[in-house]
Asker: 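Before we start, here is the structure in question, set down as structure tokens.
One-based numbering along the sequence shown. Keep in mind that this is a model prediction, so the values were computed, not measured.
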Amino acid sequence: MSVPSSELRTVIDRLPFSVDDTDAANESFRRWRDEEDPKAKRHADLWTYCYVCRYFLGKSARGTFNNPSDADELITRAYRKVQENRDGVRNAARYANWVSVVCKNTLLNYTRRNQFSESIDGENRFTLTADTTNAVAEVGFVQEALVEAIEGLPNYLQEPARLYFLENREFEEISEAVGKPVATVRTYKHKAMKELRTDERLREYVNQTDL
């Protein structure tokens with residue numbers, strides 16, 4: 001799906017409000033979801049498409065991607081994620097914010113995947129570098145939600161979850177750090193994941209497939 005800026009401008013011109021008017025986008029989403037207003041759905045869909053395109057085309061213009069076609073792929077991927085998961089957005093007043101998070105998480109996953117594929121040591125698990133730290137900073141409020149959710153776990157799960165989800169440590173490393181067998185650490189990881197998936201703030205911002 002190649003989206004030249006001229007085509008995006010044509011679509012934006014069909015919106016009855018600015019792409020930057022997130023209150024109007026949220027209201028359109030609310031009217032579609034709560035009142036089944038077809039006109040509001042069209043506006044919510046248009047705004048979502050415009051926002052996602054503008055986000056990734058802007059990144060492309062700044063040289064974020066290795067290949068120009070990557071922007072098209074990420075636009076398609078992010079828009080599909082929104083379409084498939086927005087029924088789970090409980091607070092309509094945060095719809096625009098949620099779409100923003102989907103875009104940022106999609107970019108973060110792209111950055112992580114590229115960093116990993118460029119590694120010359122296939123045995124090393126991906127760890128954060130200076131480049132990916134900048135990407136994480138973009139979704140800092142999502143990471144903050146994850147940190148807070150981990151802090152709310154039972155004490156015995158907090159350290160294993162922090163090492164696994166925030167520091168990308170191997171099970172063997174976590175085993176050493178917490179003084180528990182690897183099998184126990186794996187069990188802790190699954191228990192922590194189950195708990196995190198019930199966290200209200202994370203459920204609103206992060207697809208459960210990302211946990």
Side-chain angles (χ1 to χ4, degrees), residues 1-62 64-65 67-113 135-136 138-146 148-149 196-211:
M1 177 175 68
S2 182
V3 187
S5 57
S6 57
E7 179 183 329
L8 177 59
R9 171 49 55 191
T10 301
V11 177
I12 287 175
D13 288 343
R14 292 167 55 194
L15 260 179
F17 50 85
S18 166
V19 179
D20 295 317
D21 190 347
T22 55
D23 288 340
N26 292 337
E27 178 59 17
S28 292
F29 176 73
R30 184 200 66 76
R31 292 206 326 270
W32 164 60
R33 189 191 65 181
D34 297 346
E35 302 171 17
E36 299 184 353
D37 182 338
K39 185 176 179 181
K41 181 181 185 301
R42 285 196 301 274
H43 292 164
D45 287 342
L46 269 177
W47 177 87
T48 302
Y49 177 78
C50 292
Y51 181 91
V52 171
C53 287
R54 191 179 71 170
Y55 179 88
F56 288 105
L57 290 176
K59 296 295 181 185
S60 181
R62 289 193 286 274
T64 300
F65 307 120
N67 301 304
S69 61
D70 289 353
D72 293 337
E73 177 191 341
L74 294 176
I75 287 169
T76 301
R77 187 180 304 168
Y79 187 73
R80 185 179 296 128
K81 280 184 180 178
V82 170
Q83 294 292 95
E84 291 175 353
N85 294 286
R86 64 183 179 182
D87 284 350
V89 177
R90 300 186 215 182
N91 185 352
R94 298 174 81 168
Y95 173 71
N97 203 18
W98 177 78
V99 172
S100 160
V101 171
V102 170
C103 290
K104 290 169 184 176
N105 280 343
T106 302
L107 177 64
L108 177 58
N109 289 335
Y110 165 88
T111 306
R112 283 176 168 170
R113 185 175 69 245
V136 170
E138 272 201 301
V139 289
F141 56 98
V142 179
Q143 188 182 34
E144 180 186 344
L146 179 57
E148 289 182 2
L196 292 173
R197 282 176 170 164
T198 66
D199 184 89
E200 292 292 330
R201 193 174 172 196
L202 282 181
R203 281 173 62 88
E204 184 145 346
Y205 287 120
V206 184
N207 288 337
Q208 291 198 17
T209 53
D210 292 335
L211 285 178

Asker: Please evaluate residues Arg86 and Thr48 with respect to the criterion side chain to side chain contact (heavy atoms under 4.5 Å, CB included), reporting the C-alpha separation (whole Å), side-chain torsions for both, the decisive distance (0.1 Å), and the verdict.
Answerer: CA-CA 11 Å; Arg86 64 183 179 182; Thr48 302; 4.1 Å; yes
Asker: Would Thr106 and Phe56 satisfy side chain to side chain contact (heavy atoms under 4.5 Å, CB included), going step by step from the backbone distance to the final call?
Answerer: CA-CA 10 Å; Thr106 302; Phe56 288 105; 4.1 Å; yes
Asker: As an exercise, state the distance from CH2 of Trp98 to CZ of Arg90, rounded to the nearest 0.5 Å.
Answerer: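 One gets 13.0 Å once the value is rounded to the nearest 0.5 Å.
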Asker: How long is the straight-line distance from CZ of Phe17 back to CH2 of Trp47, given to the nearest 0.5 Å?
Answerer: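 One finds 8.0 Å between CH2 of Trp47 and CZ of Phe17.
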Asker: Identify the two heavy atoms, one from Ala93 and one from Asn26, that lie closest to each other, and give their separation to 0.1 Å.
Answerer: O-ND2, 2.8 Å
Asker: Ignoring hydrogens and angles, tell me if any N or O in the side chain of Ser28 forms a donor-acceptor pair with the backbone of Ala24 under 3.5 Å.
Answerer: yes
Asker: Kindly compute the distance separating CG (Leu15) from NE2 (His43), expressed to the nearest 0.5 Å.
Answerer: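 Answer rounded to 0.5 Å: 7.5 Å.
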Asker: Atom CG of Leu46 and atom CG of Asp13: how far apart are they, to the nearest 0.5 Å?
Answerer: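 Here the interatomic distance stands at 11.0 Å.
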Asker: List for me each residue that meets side chain to side chain contact (heavy atoms under 4.5 Å, CB included) alongside Asp37, sequence neighbours excluded, and say none if there are none.
Answerer: Arg31, Lys39, Ala40
Asker: Atom CD of Glu36 and atom NZ of Lys41: how far apart are they, to the nearest 0.5 Å?
Answerer: 11.5 Å
Asker: Considering residues at least two apart in sequence or located in another chain, which fulfil the side chain to side chain contact (heavy atoms under 4.5 Å, CB included) criterion with Ser69?
Answerer: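 Per chain and number, Ser69 pairs via side chain to side chain contact (heavy atoms under 4.5 Å, CB included) with Asn67.
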Asker: Which is it for Val101 and Lys104 under the side chain to side chain contact (heavy atoms under 4.5 Å, CB included) test, yes or no, and what are the steps along the way?
Answerer: CA-CA 5 Å; Val101 171; Lys104 290 169 184 176; 5.6 Å; no
Asker: Working to the nearest 0.5 Å, report the span between CG of Asn85 and CZ of Arg80.
Answerer: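 Here the rounded value is 12.0 Å.
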Asker: Of all the heavy-atom pairs spanning Ile75 and Val52, show the shortest one and how long it is.
Answerer: O-CG1, 3.7 Å
Asker: With sequence neighbours left out, write down each residue that passes side chain to side chain contact (heavy atoms under 4.5 Å, CB included) with Asp20, or none if nothing qualifies.
Answerer: Ser18, Arg54
Asker: Parallel under 30°, tilted from 30 to 60°, perpendicular over 60°: which one fits the rings of Phe29 and Tyr95?
Answerer: parallel
Asker: Can you give me the closest heavy-atom contact between Leu107 and Lys59, atom names plus distance?
Answerer: CD2-CE, 3.9 Å
Asker: Closest heavy-atom contact between Asp87 and Trp32?
Answerer: OD1-CH2, 4.1 Å
Asker: Below 4.5 Å, heavy atoms only, C-beta onward: do Thr22 and Asn97 meet side chain to side chain?
Answerer: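 When only atoms from C-beta onward are counted, Asn97 and Thr22 do not touch, as no gap falls below 4.5 Å.
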Asker: For residues Ala78 and Val102, report the shortest heavy-atom separation together with the two atoms involved.
Answerer: O-CG1, 3.8 Å
Asker: Can you tell if the side chain of Ser100 reaches within under 4.5 Å of the side chain of Tyr51, non-hydrogen atoms only?
Answerer: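 Yes, close enough: below the 4.5 Å cut-off.
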Asker: Could you walk me through whether Asp199 and Leu146 pass the side chain to side chain contact (heavy atoms under 4.5 Å, CB included) check?
Answerer: CA-CA 9 Å; Asp199 184 89; Leu146 179 57; over 6 Å; no
